[in-house]
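Working notes for the structure below.
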Amino acid sequence: GDPEAQTTVGSSYYWGNIGVEQDYKKAFYWFSKAAESGTAESLHNLAVLYAKGQGVPQDLDKAMKLYTMAAEQGNVPAQLGVGLCYETKKDWEKAYQWYAKAAKNGNAAAQCLLGNLYIKGLGVSKNMGKAVELYTQSAELGYVGAINCLASNYYESNRIEKDIST
């Protein structure tokens with residue numbers, strides 16, 4: 001079959017649109033068919049189902065394998081997915097590497113998550129300035145999580161300054 005058409009049908013079942021009810025098992029079936037072609041988008045879509053346990057038992061190892069295959073083809077959401085898998089495994093250096101790839105490619109969520117690593121010094125040296133820069137880039141792309149992080153860090157830095165001055 002045509003992987004693009006299979007992906008479209010799978011997406012319809014995943015989101016429950018174009019006149020079909022949401023059905024993760026059917027989405028899994030169609031994404032699996034499309035993934036046989038090895039296209040990055042279809043591999044990414046299948047990885048999401050494995051990562052979330054939607055329509056299939058959750059399997060982070062399979063998700064990571066599929067995300068990596070898609071990410072190596074340049075699929076930016078898959079680059080984020082690989083980073084999330086490494087973060088789940090607390091492999092901060094590899095999470096950092098993949099978030100950095102996705103962030104460089106304009107992924108707002110990856111920019112925010114990379115900022116979190118800089119704030120906490122996980123996989124990279126602590127750097128508040130770099131974190132704020134990444135949060136700002138992400139926020140400018142409309143990522144609400146980054147706006148919350150900026151507000152939270154602004155509040156914390158003001159509280160710390162007040163504690164120091166009193």
Using 0.5 Å steps for rounding, measure from the [atom1] atom of [X] to the [atom2] atom of [Y].
{"X": "Leu49", "Y": "Gln54", "atom1": "CG", "atom2": "CD", "value": "6.0 Å"}
{"X": "Glu41", "Y": "Glu4", "atom1": "CD", "atom2": "CD", "value": "7.5 Å"}
{"X": "Gln79", "Y": "Gln97", "atom1": "CD", "atom2": "CD", "value": "12.5 Å"}
{"X": "Gln6", "Y": "Thr39", "atom1": "CD", "atom2": "OG1", "value": "9.0 Å"}

Q) Between Tyr143 and Tyr135, is the ring centre distance below 6.0 Å? A) no
Q. Centroid-to-centroid, Tyr24 to Tyr13, below 6.0 Å?
A. no
Note, [X] side chain near [Y] side chain (heavy atom, < 4.5 Å):
{"X": "Glu87", "Y": "Trp92", "value": "yes"}
{"X": "Glu93", "Y": "Asp91", "value": "yes"}
{"X": "Asn75", "Y": "Leu43", "value": "no"}
{"X": "Lys126", "Y": "Ile119", "value": "no"}
{"X": "Cys112", "Y": "Leu134", "value": "no"}

Q: For Asn105 and Lys101, indicate whether the former's side chain and the latter's backbone hold a donor-acceptor pair under 3.5 Å.
A: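 Judged by distance alone, yes, a pair lies under 3.5 Å.
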Q. Do the side chain of Gln111 and the main chain of Ser138 share a donor and acceptor less than 3.5 angstrom apart?
A.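 Side chain of Gln111 to backbone of Ser138: a pair is present.
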Q.
Would Asp61 and Lys89 count as a side chain to side chain contact (heavy atoms under 4.5 Å, CB included) here? Give the steps.
A. CA-CA 10 Å; Asp61 290 329; Lys89 295 177 181 229; 3.1 Å; yes
Q) Using 30° and 60° as the class limits, which term best fits the ring planes of Tyr14 and Phe31: parallel, tilted or perpendicular? A) tilted
Q) Should Asp2 and Lys33 count as an ion pair when the cut-off is N to O under 4.0 Å? A) no
(Q) Could you walk me through whether Phe28 and Tyr50 satisfy the ring-ring contact (aromatic ring centres under 6.0 Å, His included) test, starting with their C-alpha distance in whole Å, then the side-chain angles of each, then the deciding distance to 0.1 Å, before giving a yes or no? (A) CA-CA 9 Å; Phe28 175 78; Tyr50 276 113; 5.6 Å; yes
Q.
Go through it in stages, so that I can follow the logic: the residues are Ser11 and Thr8, the test is side chain to side chain donor-acceptor pair (under 3.5 Å), and I'd like the CA-CA distance, side-chain angles, deciding distance and then a yes or no.
A. CA-CA 5 Å; Ser11 293; Thr8 300; over 6 Å; no
